[in-house]
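Here's the structure we're looking at; comments come further down.
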Amino acid sequence: MPELPDVETFRRYLDANGLHQTIEEVAVADERVVKRASPAELADYLQGHRLERTYRRGKHLFAALDGEGWLELHFGMTGYLAYYRDPGEAPDYGHVRLAYANGYQLAFVDRRKLGYLAPVRDLAACLAELELGIDALDPELDAAAFRELAKGRRVQVKCWLMDQASIAGIGNVYSDEILFHAGIYPRTPLPDLDWADLDRLHGYMSNVLKTATDSQVQPGAMPGDFLVPLRKVDDAACPRCGTPLAKVKACGRTSQYCPTCQPTP
DNA sequence: ACATTGACCTGAGAGC
DNA sequence: TGCTCTCAGGTCAATG
């Protein structure tokens, strides 16, 4: 799940549920999802404090502690948050749990353990170290800035969209979605796109990411011309033209596309 | 520079 | 039913 729309949805979930309450206890069931600290250090870092506000850059989520410091949350491929009171509701694979003073728990759930939590003492330094580019939905990333970022790059367009150091937040699923709406074949070299192509791509990037976020990343709530709900459907047809969708490897990832709407150059 | 592959992890789903 | 195989929405390092 966790591309920009997913992480933005998690951010709103955390805003609605996990802020402004004192963390009484931190339980780490698997230390592999704790980075840059031992489980004891993380517990020490959080206990007695509150999370006060959130910040998201690309696929990375940060929660500010009261006083100094932040908590970083990265969701890997299978991570999400669960806030609950009844222990019977505790999800499987909740590798880290924050127990709040109000009796609720916030679990960091990650079946494959490719995500992590980490204490962050200096947010600016952390962002620099992660080498994250501008957030894909940052208002400053207008069409002109988008063209500027593409300048000089010779990668395939899908690789570029997924390059977190260039633009942060787009992964395999939403790069496919964006390229589908823009009518661009995923393996097209970036230099083959003209300004009109890049402007169109930029427009659909914003549009697709906002639309997916608005639908809270529920495939059933997305517009009828979205590919996301068709990802795991065998023999799916293009929602626009009915051509059977095809798959191709790009950037080492399986990419779904419509051979008619996204012709190979 | 760029593309590809394997590793990190582990479960879900397909095929036998 | 149970076993084996392949694949999965993210990154990173190593290799061509």
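Residue numbering restarts at 1 for every chain, and letters A, B, ... go by the order of the sequence lines.
Not one side-chain nitrogen or oxygen of A:Arg153 sits closer than 4.0 Å to the OP1 or OP2 atom of B:dA1. At the phosphate of C:dG10, neither OP1 nor OP2 sits under 4.0 Å from any side-chain N or O atom of A:His74.
One interatomic measurement links the two molecules: CZ of A:Arg253 to P of B:dC2, which rounds to 19 Å at whole-angstrom precision. Distance NZ (A:Lys249) to C1' (C:dC7): 9 Å, rounded to an integer number of Å. Taking atom OH of A:Tyr174 as the reference point, atom C1' of C:dA8 lies 15 Å away to the nearest angstrom. Between A:Leu209 atom CG and C:dG9 atom P the separation is 17 Å, expressed in whole Å. Distance A:Lys158 NZ to C:dG9 P: 8 Å, rounded to the nearest Å. Whole-Å rounding puts the A:Met162 CE to C:dA8 C1' distance at 14 Å. The CD1 atom of A:Ile178 sits 15 Å away from the P atom of C:dG9 (whole-angstrom rounding). Rounding to whole angstrom units, CG of residue A:Leu132 and C1' of C:dG10 are separated by 13 Å.
For A:Tyr104 and A:Tyr84, the ring centers sit 6.0 Å or farther from each other. Side-chain rings of A:Phe10 and A:Phe75 approach one another, their centers coming within less than 6.0 Å.
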Quiz item: Taking it one step at a time, do A:Glu8 and A:Arg12 satisfy salt bridge (Lys or Arg N to Asp or Glu O under 4.0 Å)?
Solution: CA-CA 6 Å; A:Glu8 176 60 19; A:Arg12 294 177 186 182; 2.9 Å; yes
Exercise. Please report the C-alpha distance between A:Phe180 and A:Tyr204 in whole Å, then the side-chain angles of each, then the deciding distance to 0.1 Å, and finally whether the ring-ring contact (aromatic ring centres under 6.0 Å, His included) criterion is met.
Key: CA-CA 9 Å; A:Phe180 168 67; A:Tyr204 282 113; 9.3 Å; no
Distances under 3.5 Å only, N/O to N/O: pair up the protein atoms with those of nucleotides 6-10 of chain B.
unit_1: B:dC9; atom_1: O2; unit_2: A:Arg112; atom_2: NE; d: 2.8
unit_1: B:dC9; atom_1: N3; unit_2: A:Arg112; atom_2: NH2; d: 3.2
unit_1: B:dT10; atom_1: OP1; unit_2: A:Arg32; atom_2: NH2; d: 3.1
unit_1: B:dT10; atom_1: OP1; unit_2: A:Lys113; atom_2: NZ; d: 2.8

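Figure legend. C:dG9 is base-paired to no nucleotide; pairs are counted as Watson-Crick or G-U wobble with both atom distances under 3.5 Å. Base pairing of B:dC9 is not made with any nucleotide, judged by Watson-Crick or G-U wobble geometry with both donor-acceptor distances under 3.5 Å.
Distance noted for atom P between C:dT4 and B:dC9: 23 Å (whole Å). To the nearest whole angstrom, the two P atoms, one in C:dG9 and one in B:dA14, are 16 Å apart.
Closest to the side chain of A:Arg154, out of C:dG9, C:dG10, B:dC2, is B:dC2.
The one candidate from A:Glu72, A:Arg32, A:Arg36 that meets the side chain to side chain donor-acceptor pair (under 3.5 Å) condition with A:Tyr116 is A:Glu72.
Judged by closest nucleotide on DNA chain B, A:Gly152 is the one of A:Gly152 and A:Asp234 placed further toward the 5' end.
Using cut-offs of 30° and 60° on the angle between ring planes, the pair A:Trp160 and A:Phe146 is perpendicular.
Taking the side chain as every heavy atom from C-beta outward, A:His60 and A:Phe62 approach each other to under 4.5 Å.
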